[in-house]
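For reference, the structure discussed in these notes is given below.
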Amino acid sequence: MHRLLCCAALLLVPVALAGQGLHGVERRIVTAVDLGAPAAISLLERTVNQNSGTMNLPGVRAVGRLLEPEFTRLGFTVRWVDGAAWGRAGHLIAERNGDGRGPKVLLIGHLDTVFEPDSPFQRFERLNDSTARGPGTTDMKGGNAIMLLALGALQEVGGLDRLQVRVVITGDEENPGDLLDLARKDLREAADWADAAIGFEDGPSDPKLAVIGRRGSSGWVLRTAGKPYHSSQIFRPEVGSGAIYEAARILAAFRDSLAGDPNVTFNPGIIVGGTAVTFDQDQDRGTAFGKTNVVAESTTVSGDLRTLTLEQLDRTRATMRRLVARHYEGTSAEIVFDDGYPPLAPTEGNRRLLALFDQASRDIGWGPVSTADPARAGAADISFTSGRVEMALDGVGLMGSGGHTVNETADLRTLPLNAKRVALLLHRLARARPDA
């Protein structure tokens, strides 16, 4: 019953608090963020200078150790979930229950980057007072720093005691382990526990936009087979069209039947075909042998599929299966799907959480925040909260440009900005609890 009352209050809070401006405690929160910003940037520099490419397992754990005392200082209980079972470093989880009666909030980050130890891009570099380059500055070690800065500002005014907070900072967001269900078990359990979830990815890197919907990312492998025969006999009833023509037919049918469906994309990224084919799905590579005068015996195509809702995902997969089942004469085909990252559909609860974030932004004088186009937001860990929390919001991390490249550059002005907006959002969630 408590959770039902709490969720109802949270869903109404943006309406109740709209236009209120900053009162005394909230002004103290904003001041605390400003005072804590230099230390947050220093923490960002230390974490960026520790390489944590996903497959550098000791490096990922080392970044976790840098963050652990920061959470402990704020009264969190911290534990490390070992990732050996799914071939990765693991996750940092921090929990603080406050007085045990406040709204349950899940905060999501990640420790890893796309830059492994052999990358030339390894160090934090201040370019000027407002910008810095470095691996993972925006994606997403800056988001982790913003999370801690916001929590620290709340602690300064006693606000953390009125919340129940669980933090899940994964170690393999950029390159998840093969056993994805196991790798995201702790995140899903935290989402089942929580009333609201906030992700600290950089999102569209525009402070006037935030993410309430993300398209999921799943994969598919198409395999076709034909009768090997001399090419001079292709298309004869006893020979058929061959595996490559069958794959081409299916891919063209995908394009003709599915293109234009809003927020649905499907991309065949790799294709190998011929007389003898090998394909390594884990490495995304393969080999093919054949001759121009031999009808192709087999073809393998690997691609991805992105949708905004589970309904879109199910409907698109059903269409793809139906199209695969129509064979050219003398051929066969099958398609296999893997689940990958689920979609985060925009919901009314997500919109209300965005409205609260938007109001905080207006109240500190920054201006409105609107919804980012889901087509511009890739898959992220917050998607695993879909259908499990009443409200979810992402894209409130450190913003900049050049993510996933050696030109990754952070706009350091957005670090205190987003910390203020998140801290005020959390403070107002706490104020909306039934006993407030």
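On a predicted model such as this, the values are computed, not experimentally measured, just so you know.
Residues satisfying the ring-ring contact (aromatic ring centres under 6.0 Å, His included) criterion with Phe124, sequence neighbours excluded, are absent altogether.
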For this session: May I have the step-by-step check of side-chain hydrogen bond (donor to acceptor under 3.5 Å, both in side chains) for Thr347 and Asn350, ending in yes or no?
Result: CA-CA 5 Å; Thr347 66; Asn350 297 0; 3.0 Å; yes
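Heavy-atom contacts from other residues, nucleotides or ligands closer than 6.0 Å to CZ of Arg126 number more than 12. Residue Glu45 places its CD atom among more than 12 non-hydrogen atoms of other residues, nucleotides or ligands, all under 6.0 Å distant. With a 6.0 Å radius and a threshold of 12 heavy atoms from other residues, nucleotides or ligands, Trp366 has its CH2 atom at or below the threshold. Within a 6.0 Å radius of CG in Asp256, other residues, nucleotides and ligands contribute more than 12 heavy atoms.
Among Asp139, Thr113, Thr138, the one residue that satisfies the side-chain hydrogen bond (donor to acceptor under 3.5 Å, both in side chains) test with His404 is Asp139.
Looking at Asp195 and Val105, their side chains never come closer than 4.5 Å, going by heavy atoms from C-beta outward. Side-chain atoms of Leu180 and Asp339, non-hydrogen and from C-beta on, never get closer than 4.5 Å to each other. Proximity of Val211 to Glu201: side-chain heavy atoms (C-beta onward) are nowhere separated by under 4.5 Å. Using a 4.5 Å heavy-atom cutoff, the side chains of Leu424 and Ile364 are in contact. Here the side chains of Val48 and Pro135 are in contact, with some heavy-atom distance below 4.5 Å. Residues Ser257 and Leu323 are in side-chain contact: their nearest non-hydrogen atoms beyond the backbone lie under 4.5 Å apart.
In the model, Asp358 has no side-chain atom that pairs as donor or acceptor with a side-chain atom of Ser361 under 3.5 Å. Side-chain contact of Thr287 with Thr278: a donor-acceptor pair under 3.5 Å is present, judged by distance alone. Side chains of Thr54 and Asp172: no donor on one and acceptor on the other come within 3.5 Å. Counted by atom type alone, Asn263 and Gln312 present zero donor-acceptor pairs between their side chains at under 3.5 Å. A side-chain N or O of Asn51 and one of Asn56 form a donor-acceptor pair less than 3.5 Å apart. If you check the side chains of Arg46 and Ser42, you find a donor sitting under 3.5 Å from an acceptor. For the residue pair Tyr341 / Arg214, no side-chain donor-acceptor distance below 3.5 Å is found, with atom types taken as modelled. With 3.5 Å as the limit, one finds a donor-acceptor pair spanning the side chains of Thr131 and Asn128. Side-chain contact, Arg215 with Thr307: no donor N or O sits under 3.5 Å from an acceptor N or O.
Taking CZ of Phe337 as the reference point, atom OG of Ser218 lies at 8.0 Å (rounded to 0.5 Å).
Summarising the geometry of Val301 relative to Pro268, their closest heavy-atom pair is CG1-CB, 3.7 Å, with the distance given to 0.1 Å. When every heavy atom of Leu154 is checked against every heavy atom of Ala423, the shortest pair comes out as CD2-O, 3.5 Å.
No donor-acceptor pair closer than 3.5 Å links the side chain of Ser386 to the backbone N or O of Ser383.
In this structure, Arg166 satisfies the cation-pi test against Trp193, with its NZ or CZ atom closer than 6.0 Å to the six-membered ring centre and inside 45 degrees of the ring normal.
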